[in-house]
Amino acid sequence: MNIVQLIREVVADSIKKLYPESDSSLDFQINETKPEFEGDYTIVLFSLVKALKKSPEMIGQEIGDSLIQKNPELFESFNIIKGFLNLTITDAYWKSLLFKNHNDICFGKQAMNGKKVMVEYSSPNTNKPLHLGHLRNNFLGWSVAEILKASGYEVLKSCIVNDRGIHICKSMIAWQLYADGATPESTHKKGDHFVGDYYVKFNDVYKAQIAELMASGISEADAEKQAPIMQKTQQMLQDWEAGVPEVMQLWQKMNGWVYEGFDVTYKSIGSDFDKTYYESNTYLLGKDIVQEGLDKNVFYKKDDGSVWIDLTADGLDEKLVLRKDGTSVYITQDIGLAKQKYDEYKIDQSIYVIGDEQNYHMKVLKLIAQKLGLPYADDIYHLSYGMVELPTGKMKSREGTVVDADDLVAEMKATAQQHTETLGKVKDFEPNELIELYETIGLGAMKFYLLRVDPKKKMIFNPEESIDFHGFTGPFIQYTFARINSILRKESNFVAAPSNETLLKLEKEVIYNLEQFGAIIMEAAKTLNPSVLANYLFYLSKSFNSFYTEHSIGNAESEDKKNLRIQLSMMTANVLKNGMQLLGINVPNRM
RNA sequence: GGUUCGGUAGCUCAGCUGGAUAGAGCAUCAGCCUUCUAAGCUGAGGGUCAUUGGUUCGAAUCCAAUCCGAAUCACCA
């Protein structure tokens, strides 16, 4: 149990004993005490005033007295200022917390709760390489999965690959027309970039053809349909659906190139999946559910044979669920896949990490599932995140205005190398150790940068300004860890002992922050928000750094102090390491 | 037009389940390396919390309206 829960329990108990006639559901707030006042945690008394019909001062005095009397091991003293009861926790409590947990690598994690969650993330298209937006998605998905694991869930990471459809045919057609048999091998290009180039090529040609047609007096809408390259692409899509062997072969060949490229990128950013779904296998799913919906009168059929659902009563529109030719649409497939996931894994919750541009779609998906009375309907959760934009606006693959994932990773590693070389602290490292270090720091900076912001907010990335390595950043926390490690290396035969000395302000502050780790993980899990954790790790590092510069650890004033400070350093290192791991970031022993 | 989300320091963001004098980082300025890693620490300046009204002991936080920005409202995925 964390300390806030403990205080809440003890205070509620005191209230019940002091004011037996009071309502037992009486609620009160516990805050961290502001630094300008004396104390650790504060009970806000105003909410009790009305219910207990006494002045805040009197309530504070009575509760304070009772707390000290009944829990002398927990509370040292209290003071009341206006309506605030400030409680000071005993040094003994903090020291024993530290002594018990300083070397516990599981500190802050919850026991398994028996619930199973699937987190779907990444979900790339196989017609272009990954970009910065995908990185935000990948880091978010990965981190949320880890945070859920730490708070007791069994987690399955899944990915749906959008490997078919008109957009895939576009790069296929462009390759057929313009590649002249070129391959990633022959051009020494990474497969996903190679294919992406033909997707861009398609759009260039398509645009030119539209312009040409419009110049001859055809309307834009007609020109878009009549452009020869688009007609070829439409034909190819039909051939694909008919399973024409040459098209299937081309499709498999080009997708294969992309997967090779993706593998490299995923490996470099540390993304992985327990289960990968391919849309080419799932796009026919959901049709049986349409029939079920018709039988239940949730759906209705129009004269042309298309099937619809009317969501106007819920403030949405009419939505098509099956085309008149009997083929399924996006939403139908998704309902089918949702069912498959549930049937296959018996999951208790299904989390979709998808950009906020699909808020409407996901709302419809859940609503339809609910109207159909599907058992997993309420367990569908859309973890919606904001787009990453450039100062010039949205990134567009087909116009080539994207920050490429591979390029950015390479750039971050190069910057890490540059900083490291300037500082010159690891000159004795082997070449392979250096490469690993640059990767750790570069990726750490990038992941932290993307995760420290509330997921639901859109972010603007300026490629002109490189991602920082100082201040509220990944490397700052990594550095704090490396520094602690450098001290601990010298204390290899350390044996922890309880301390008898009074805690100094900065010592206590670090322990106070360490104590909150478990509560922070739970908060991050509850809100599916890694930025809560990122902020916490930063403040913990800051408070440790302040302590570090002010007090010596190796040459402490006494053996007792030295022992205490080593415990403090060990526990901070553990929390930083485990916390960063939950963000998907490694910490180096030296940097 | 409907729906949803956002607007806090020059910039990037915390704080939002109402609580004490609104916090970080970057940038600017001033200090700190004969002692454990200066990717660090200490301090200064910088704010009409978009606007207006309401709710109350108390509002950046809740409610309403307005203004600005974004997403979305496809027989595309």
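Numbered from 1 within each chain, the chains take letters A, B, ... in sequence-line order. All heavy atoms count here, side chains included; hydrogens, waters and symmetry mates do not.
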Worksheet entry | Quiz item: A:Thr42 side-chain donor-acceptor pair to B:A20 base, under 3.5 Å | yes

Item to complete: Return yes if the base of B:A20 and the side-chain atoms of A:Asn86 contain a donor-acceptor N/O pair under 3.5 Å, otherwise no.
Response: yes

Fill in: A:Gln29 CD to B:C16 P, straight-line distance once rounded to whole Å
10 Å

Discussion item. Give me the distance, rounded to whole Å, that separates B:G47 from B:U34 when you measure between the C1' atoms they each carry.
Written reply: 44 Å

Worksheet item: Contact class for A:Met591 (heavy atom, under 4.0 Å): base, sugar-phosphate, or nothing?
Response: base

Worksheet item: Hey, does A:Ser546 reach any base, or is it just sugar-phosphate, or nothing, if we go heavy atoms under 4.0 Å?
Response: sugar-phosphate

Worksheet item: Can you say whether the rings of A:Tyr278 and A:Tyr259 are parallel (under 30°), tilted (30 to 60°) or perpendicular (over 60°)?
Response: perpendicular

Worksheet item: Cation over ring, A:Arg164 on A:Tyr283, under 6.0 Å and within 45°?
Response: yes

Item to complete: Answer yes or no: is there an ion pair linking A:Lys561 with A:Glu507, defined by an N-O contact shorter than 4.0 Å?
Response: yes

Worksheet item: Is any N or O donor-acceptor pair between the side chain of A:Asp304 and the base of B:C75 shorter than 3.5 Å?
Response: yes

Worksheet, complete the sentence: Whole-Å distance, A:Ile484 CD1 to B:U37 P, equals 12 Å

Practice prompt. Could you tell me whether A:Tyr283 contacts a base, only the sugar-phosphate backbone, or nothing, with contacts defined as non-hydrogen atoms closer than 4.0 Å?
Written response: nothing

Worksheet item: Looking at A:Phe547 versus A:Phe544, is the centre-to-centre ring distance below 6.0 Å?
Response: yes

Item to complete: Mind checking A:Tyr479 for me? I need base, sugar-phosphate or nothing, with any heavy atom below 4.0 Å counting as a touch.
Response: base

Worksheet item: A:Phe28 ring centre to A:Arg8 NZ or CZ under 6.0 Å, with the angle to the axis within 45°?
Response: yes

Worksheet item: Contact class for A:Tyr330 (heavy atom, under 4.0 Å): base, sugar-phosphate, or nothing?
Response: base

Worksheet entry | Distance in angstrom units between A:Arg565 CZ and B:C36 P, rounded | 15 Å

Discussion item. For a quick check of understanding: with a heavy-atom distance under 4.0 Å over all strands, which category does A:Gly471 fall into, base, sugar-phosphate or nothing?
Written reply: sugar-phosphate

Worksheet item: Which of these nucleotides, B:G40, B:U37, B:U72, is closest to any side-chain atom of A:Lys394?
Response: B:U72

Practice prompt. Whole angstrom is fine here: how far is it from CG in A:Asp454 over to P in B:A70?
Written response: 20 Å

Fill in: Side-chain N or O of A:His361 closer than 4.0 Å to phosphate OP1/OP2 of B:U72
no

Worksheet item: For RNA chain B, what string of dots and brackets results from 5' to 3' when Watson-Crick and G-U pairs need both distances under 3.5 Å, crossing pairs get [ ], and pairs with another strand get |?
Response: ((((((((.[[[[.)...(...]]]].(((((.......))))).....[[[[[..)....]]]]])))))))....

Item to complete: Name the closest nucleotide to the A:Asp468 side chain, picking from B:C41, B:G69, B:C26.
Response: B:C26

Item to complete: Pick base, sugar-phosphate or nothing for A:His419, based on heavy-atom distances below 4.0 Å to the nucleic acid.
Response: base

Discussion item. At less than 4.0 Å, is any side-chain N or O atom of A:Arg323 found next to OP1 or OP2 of B:A74? Yes or no.
Written reply: no

Worksheet item: Under 6.0 Å from the six-membered ring centre of A:Phe472 and within 45° of its axis: does the NZ or CZ of A:Arg452 meet both?
Response: yes

Practice prompt. Check the distance between B:U17's P and A:Phe28's CZ and give it to me in whole angstrom.
Written response: 18 Å

Discussion item. Rounding to an integer number of Å, can you tell me how far A:Ile460 CD1 sits from B:C13 P?
Written reply: 7 Å

Fill in: Gap in Å between the two P atoms, one belonging to B:A70 and one to B:U52, rounded
24 Å

Fill in: Comparing A:Leu437 and A:Asn529 on RNA chain B - which has the more 5′ nearest nucleotide
A:Asn529

Worksheet item: B:U35, B:A77, B:C41: which one has an atom nearest the side-chain heavy atoms of A:Asn555?
Response: B:U35

Below 3.5 Å is the cut-off: list the nitrogen or oxygen pairs between protein and nucleotides 4-9 of chain B, distance only.
from	atom 1	to	atom 2	distance (Å)
B:G7	OP1	A:Lys457	NZ	3.4

Worksheet item: Is the NZ or CZ atom of A:Lys302 both under 6.0 Å from the centre of the six-membered ring of A:Trp308 and within 45° of that ring's axis?
Response: yes

Worksheet item: Is the ring centre of A:Tyr352 less than 6.0 Å from the ring centre of A:Tyr381?
Response: no

Practice prompt. Could you give the distance separating B:C67 and B:U28 at their P atoms, to the nearest angstrom?
Written response: 40 Å

Fill in: A:Ser143 OG to A:Leu583 CG distance, which is reported to the nearest 0.5 Å
4.5 Å

Discussion item. I want to check one thing: is the phosphate of B:A74, taken as OP1 and OP2, less than 4.0 Å away from some side-chain N or O of A:Tyr360?
Written reply: no

Discussion item. Measuring to OP1 and OP2 of B:A38, would you say a side-chain N or O of A:Arg483 lies under 4.0 angstrom away?
Written reply: yes

Worksheet item: What does A:Val44 touch in the nucleic acid at a heavy-atom separation under 4.0 angstrom: a base, only the sugar-phosphate, or nothing?
Response: base

Practice prompt. Report which part of the nucleic acid A:Asp334 touches: base, sugar-phosphate, or nothing (heavy-atom distance under 4.0 Å, all strands).
Written response: nothing

Practice prompt. Tell me what A:Tyr539 touches on the nucleic acid: a base, only sugar-phosphate, or nothing, going by heavy atoms under 4.0 Å.
Written response: sugar-phosphate

Worksheet entry | Same-atom distance (C1') from B:U37 to B:C32, integer angstrom | 16 Å

Worksheet entry | Touch class at under 4.0 angstrom, heavy-atom based, for A:His382 against every strand present | nothing

Item to complete: Start with the C-alpha distance between A:Phe84 and A:Phe78, add both sets of side-chain angles, then the distance that settles ring-ring contact (aromatic ring centres under 6.0 Å, His included), and finish with yes or no.
Response: CA-CA 10 Å; A:Phe84 301 94; A:Phe78 70 92; over 10 Å; no

Practice prompt. Round to the nearest Å and state the distance from A:Leu451 atom CG to B:U12 atom C1'.
Written response: 16 Å

Worksheet item: Looking for any heavy atom pair under 4.0 Å, which part of the strands does A:Ile441 touch: base, sugar-phosphate only, or nothing?
Response: base

Practice prompt. Nearest whole angstrom, please: distance from the P of B:C16 to the CG of A:Asn535.
Written response: 11 Å

Worksheet item: If we take the P atom in both B:U66 and B:U3, what is their distance in whole Å?
Response: 11 Å

Worksheet item: In terms of base orientation, is B:C33 syn or anti, with the syn window spanning 90° either side of 0?
Response: syn

Worksheet item: Do A:Glu559 and A:Asn563 have a side chain donor and acceptor closer than 3.5 Å?
Response: no

Worksheet entry | Axial cation check for A:Tyr330 ring with A:Lys319, 6.0 Å and 45° limits | no

Worksheet entry | Expected output: side-chain A:Ser47 to main-chain A:Asp27 donor-acceptor under 3.5 Å | yes

Item to complete: Quick one: label A:Thr420 by what it contacts on the DNA or RNA (base, sugar-phosphate, nothing), any heavy atom closer than 4.0 Å.
Response: base

Practice prompt. For A:Glu279, answer base if it contacts any base atom (sugar-phosphate contacts may also be present), sugar-phosphate if it contacts only those atoms, and nothing otherwise; contact means non-hydrogen atoms under 4.0 Å.
Written response: sugar-phosphate

Worksheet item: B:G19, B:U21, B:U37: which one has an atom nearest the side-chain heavy atoms of A:Lys82?
Response: B:U21

